[in-house]
**Q** 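Below is one structure. I have some questions about it.
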Amino acid sequence: MENAAEKLIQYVLTKLETEPVSERVKLYHILADFVPNEEASVQIRQYAEELQKIDLKFQRIKSLFFNQ
């Protein structure tokens, strides 16, 4: 059963790469709750938070060009 969970997590992580950032952040937090490995869970949460911060910065940069 453990192997099945690992395969599912790998699949989800791969598929999330194609989702919009806001959706990815939400789903990474959900995945972090699901992952049985505490260290991996913490790293996924940190990644989600970093990704969200980067996206906010990028949105600010875009607004310099598109909100004139």
Side-chain angles (χ1 to χ4, degrees):
M1 190 65 165
E2 193 173 310
N3 195 9
E6 186 176 310
K7 286 182 181 184
L8 178 61
I9 291 166
Q10 288 175 352
Y11 177 80
V12 169
L13 286 171
T14 301
K15 291 297 181 181
L16 283 178
E17 293 175 6
T18 62
E19 292 295 316
V21 174
S22 60
E23 190 65 19
R24 287 170 66 184
V25 168
K26 290 178 203 172
L27 292 169
Y28 283 136
H29 282 289
I30 292 168
L31 183 62
D33 290 338
F34 175 76
V35 173
N37 180 308
E38 184 63 30
E39 182 181 348
S41 178
V42 168
Q43 289 182 5
I44 291 169
R45 283 185 205 290
Q46 288 173 341
Y47 176 70
E49 291 167 13
E50 290 173 17
L51 184 60
Q52 188 171 28
K53 288 177 186 176
I54 291 168
D55 187 52
L56 289 172
K57 289 179 183 179
F58 181 68
Q59 295 307 320
R60 288 186 203 125
I61 291 169
K62 280 177 47 179
S63 72
L64 296 173
F65 296 99
F66 298 112
N67 288 339
Q68 295 182 2

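Position 1 is the first residue of the sequence; numbering continues from there.
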**Q** Under 4.5 Å between side-chain heavy atoms, hopping through other hydrophobics if needed: is there a path connecting Phe58 to Phe65?
**A** no
**Q** Taking only residues two or more places apart in sequence or in another chain, which ones pass side-chain contact (heavy atoms from CB on, under 4.5 Å) with Gln10?
**A** Glu6
**Q** Which heavy atom in Val35 sits nearest to a heavy atom in Ser41, and how many Å separate them?
**A** CG1-N, 4.2 Å
**Q** Run the side-chain contact (heavy atoms from CB on, under 4.5 Å) test against Lys57 and tell me which residues pass, sequence neighbours left out.
**A** Arg60
**Q** Give the cluster check for Val25 versus Leu16: same hydrophobic cluster or not, with ILVMFWY residues linked at side-chain heavy-atom distances below 4.5 Å.
**A** yes
**Q** Applying side-chain contact (heavy atoms from CB on, under 4.5 Å), name anything that partners Gln59, two or more places apart in sequence or on another chain.
**A** Asp55, Lys62
**Q** If the condition is side-chain contact (heavy atoms from CB on, under 4.5 Å), which residues does Phe34 pass it with, not counting sequence neighbours?
**A** Leu8, Ile9, Leu31
**Q** Find out if a path of hydrophobic residues (ILVMFWY) with successive side-chain heavy-atom gaps under 4.5 Å connects Tyr47 to Ile30.
**A** yes
**Q** So how far is it from Tyr28 OH to Glu19 CD, rounded to the nearest 0.5 Å?
**A** 9.5 Å
**Q** Could you list the residues that satisfy side chain to side chain donor-acceptor pair (under 3.5 Å) with Glu38, not counting sequence neighbours?
**A** none
**Q** Looking at residues at least two apart in the chain, or sitting in another chain, which of them share a side chain to side chain donor-acceptor pair (under 3.5 Å) with Glu23?
**A** none
**Q** Assess the residue pair Asp33 and Arg45 against the criterion (side chain to side chain contact (heavy atoms under 4.5 Å, CB included)); give the C-alpha distance rounded to whole Å, side-chain angles, the decisive distance to 0.1 Å, and a yes or no.
**A** CA-CA 9 Å; Asp33 290 338; Arg45 283 185 205 290; 2.4 Å; yes
**Q** Look up atom CD1 in Ile44 and atom CD in Glu39, then write down how far apart they are to the nearest 0.5 Å.
**A** 11.0 Å
**Q** Of all the heavy-atom pairs spanning Glu17 and Arg24, show the shortest one and how long it is.
**A** O-NH1, 3.9 Å
